[in-house]
Amino acid sequence: MKKTVFLGALTVAGLAAGAASAQTLNDVQDRGTLNCGVTTGLVGFAAPDANGEWDGFDVAVCRAVAAAVLQDPTAVEFVPTTGKTRFTALSSGEIDMLARNTTWTFTRDNDLNFEFVGINYYDGQGFMVPKALGVSSATELAGATVCIQTGTTTELNLADYFRRNNMEYTPVPIETNAEAQQQYLAGACDVYTTDASGLAATRAAFENPGDHVVLPEIISKEPLGPLVRHGDNEWGDIVRWTLNALIAAEEYGITSTNLDEMAQNGGPEVKRILGTEGNLGEMIGLDAEWARRAIGAGGNYGELFARHIGESTPIGLSRGLNAQWTDGGLLYAPPFR
């Protein structure tokens, strides 16, 4: 009998937690700030500048959501998280969303009870080595010591790759990208492995980037994107469609500088996005100009990519898979209708 009562109590507690989790939008609006989880520091994606202001490609997603919900892209409290702490921060409610080079996987979506709202960067895991090591392929890394962030898909992919290729390696576990950079440059490991975009960002921060080589092999699929907690569909829809608005804006030629003109003279879908036709904002609990503010916060997807991580930046990433579907890439927003 006691066992039945205990299970019943757990069920009630679970239902109560589910009901509470559906309050994220109200919590954010009542608080007046969006608590957004980011990495501890990865230049180009999320890092504080010399004045302590957070900036980067992932940071821009947080600011777009704040603009949509709070009408202020600066109303964000950035919470640095590691590979180990990021999921606890989200599940506990310390943060409202996570925008931190996090890979969408089955277990994270289901077992950890998170909701990935889309993909803002299609990536894959790679390897970086000192040029002086004389290695030109990851297949030559037998016996290497490898710096690897714990609590990541990178850790698991590394083990799979070396086992598949009948090679041995010695892992050097690290917590943050800053620690990995320090250990790698100090010679504590021969190799640093993480998402290829992360390797590009890390190498760009080196005093002598040309002394290091990113090997050609990409050993995994790493679809990176923002996520929220399961059980709050309204909040998930807001974050999802804010990201979609940034992607669709690039496709339709909406930029941070032509919002007024496009809102008046754009096509039907452009006007629905920008709130001059239809009632899409009302459907997700926001006003008509939510997407217009999100795009105006920093620009469309292409503007954000070019400014923070594109070929003209020290990171130097090409669009590749992250080009619009109309340009042969994978970037594709569902219709706004």
Side-chain angles (χ1 to χ4, degrees), residues 38-50 54-58 80-86 100-103 121 123-222 224 308-309 311 313-318:
V38 291
T39 183
T40 53
L42 184 63
V43 175
F45 286 87
D49 63 18
W54 283 85
D55 195 26
F57 189 64
D58 288 331
T81 63
T82 68
K84 282 186 173 181
T85 65
R86 54 184 165 173
R100 180 203 180 280
N101 54 318
T102 297
T103 303
Y121 193 90
D123 211 343
Q125 183 175 336
F127 300 91
M128 179 168 62
V129 299
K131 185 179 289 185
L133 199 62
V135 171
S136 59
S137 169
T139 58
E140 302 170 27
L141 294 177
T145 54
V146 185
C147 281
I148 180 75
Q149 290 190 51
T150 54
T152 63
T153 56
T154 314
E155 190 175 20
L156 306 177
N157 296 335
L158 178 68
D160 287 348
Y161 180 79
F162 274 77
R163 184 168 63 246
R164 195 163 56 243
N165 287 280
N166 298 312
M167 299 188 299
E168 298 291 328
Y169 71 99
T170 301
V172 179
I174 46 92
E175 290 282 340
T176 67
N177 188 67
E179 182 186 352
Q181 178 176 323
Q182 181 182 28
Q183 294 284 73
Y184 171 79
L185 290 175
C189 53
D190 304 311
V191 186
Y192 180 34
T193 183
T194 189
D195 300 336
S197 63
L199 294 178
T202 300
R203 185 174 65 169
F206 290 168
E207 186 176 344
N208 297 299
D211 291 346
H212 305 270
V213 178
V214 176
L215 300 178
E217 287 84 1
I218 297 295
I219 67 169
S220 69
K221 294 183 295 184
E222 305 294 331
L224 310 178
H308 296 296
I309 57 176
E311 291 179 305
T313 71
I315 314 303
L317 295 172
S318 63

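Side chains included, hydrogens not; waters and symmetry mates left out as well; all remaining heavy atoms used.
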K.L.:
Give, for atom CD of Gln183 and atom OG1 of Thr145, the distance between the pair rounded to the nearest 0.5 Å.
P.N.:
10.5 Å
K.L.:
Using 0.5 Å steps for rounding, measure from the CG atom of Leu224 to the OH atom of Tyr121.
P.N.:
8.5 Å
K.L.:
Is there a side-chain contact between Phe162 and Leu141, using heavy atoms and a 4.5 Å cut-off?
P.N.:
yes
K.L.:
Below 4.5 Å, heavy atoms only, C-beta onward: do His308 and Asp55 meet side chain to side chain?
P.N.:
yes
K.L.:
Would you confirm whether Ser220, through its side chain, and Glu222, through its main-chain N or O, come within 3.5 Å as a donor-acceptor pair?
P.N.:
no
K.L.:
Test: disulfide (SG to SG under 2.5 Å). Region: residues 139-217. Which pairs qualify, not counting sequence neighbours?
P.N.:
Cys147-Cys189
K.L.:
Side chains of Tyr192 and Val129, heavy atoms from C-beta outward: is any pair under 4.5 Å?
P.N.:
no
K.L.:
Can you name the closest pair of heavy atoms from Pro209 and Ala204 and give their distance?
P.N.:
CG-O, 4.4 Å
K.L.:
In this structure, which one of Thr39, Asp58, Asn101 forms a side-chain contact (heavy atoms from CB on, under 4.5 Å) with Phe45?
P.N.:
Asp58
K.L.:
Going by the salt bridge (charged side-chain N to carboxylate O under 4.0 Å, His left out) test, which pairs reach into residues 186-202, not counting sequence neighbours?
P.N.:
none
K.L.:
Would you say the side chain of Val146 lies within less than 4.5 Å of the side chain of Leu158, judging by non-hydrogen atoms?
P.N.:
yes
K.L.:
I need the full list of side-chain hydrogen bond (donor to acceptor under 3.5 Å, both in side chains) pairs touching residues 204-215, with sequence neighbours left out, sorted by first then second residue.
P.N.:
Tyr184-His212
K.L.:
Quick one: salt bridge (charged side-chain N to carboxylate O under 4.0 Å, His left out) pairs with a partner in residues 155-174, sequence neighbours left out?
P.N.:
Asp160-Arg163
K.L.:
Between Ser197 and Leu317, is any pair of side-chain heavy atoms under 4.5 Å apart?
P.N.:
yes
K.L.:
According to the salt bridge (charged side-chain N to carboxylate O under 4.0 Å, His left out) rule, which pairs have a member within residues 170-187, sequence neighbours left out?
P.N.:
Lys84-Glu175
K.L.:
Around Glu140, counting heavy atoms of other residues, nucleotides and ligands shown, do more than 12 lie under 6.0 Å from its CD?
P.N.:
yes
K.L.:
If I compare all heavy atoms of Thr82 with all of Arg100, which pair ends up nearest, and what's the gap?
P.N.:
C-NH2, 3.5 Å
K.L.:
Does the side chain of Ile174 come within less than 4.5 Å of Thr150's, by heavy atoms?
P.N.:
no
K.L.:
Do Thr202 and Leu42 have side chains that approach each other closer than 4.5 Å (heavy atoms only, starting at C-beta)?
P.N.:
yes
K.L.:
Between Pro216 and Ser136, what is the shortest heavy-atom contact and its length?
P.N.:
CD-O, 3.4 Å
K.L.:
Report the residue from Thr152, Thr154, Asn157 that forms a side-chain contact (heavy atoms from CB on, under 4.5 Å) with Thr193.
P.N.:
Thr154
K.L.:
When you measure from the side chain of Gln125 to the backbone of Thr194, do you find a donor-acceptor pair of N or O atoms at a distance under 3.5 Å?
P.N.:
no
K.L.:
Backbone N or O of Thr81 within a donor-acceptor pair of the Thr85 side chain at under 3.5 Å?
P.N.:
no
K.L.:
Show, in sequence, the C-alpha distance, side-chain angles and deciding distance for Tyr169 and Tyr161, and conclude whether the ring-ring contact (aromatic ring centres under 6.0 Å, His included) test is met.
P.N.:
CA-CA 11 Å; Tyr169 71 99; Tyr161 180 79; 9.8 Å; no
K.L.:
Determine which pairs satisfy salt bridge (charged side-chain N to carboxylate O under 4.0 Å, His left out) with at least one residue from residues 143-153, sequence neighbours left out, and list them in order.
P.N.:
none
K.L.:
State, to 0.1 Å, how close Ser137 and Thr139 come at their nearest heavy-atom pair, and which atoms those are.
P.N.:
OG-OG1, 2.8 Å
K.L.:
Does Arg203 use its side chain to pair, donor to acceptor, with the backbone of Ala200 at less than 3.5 Å?
P.N.:
no
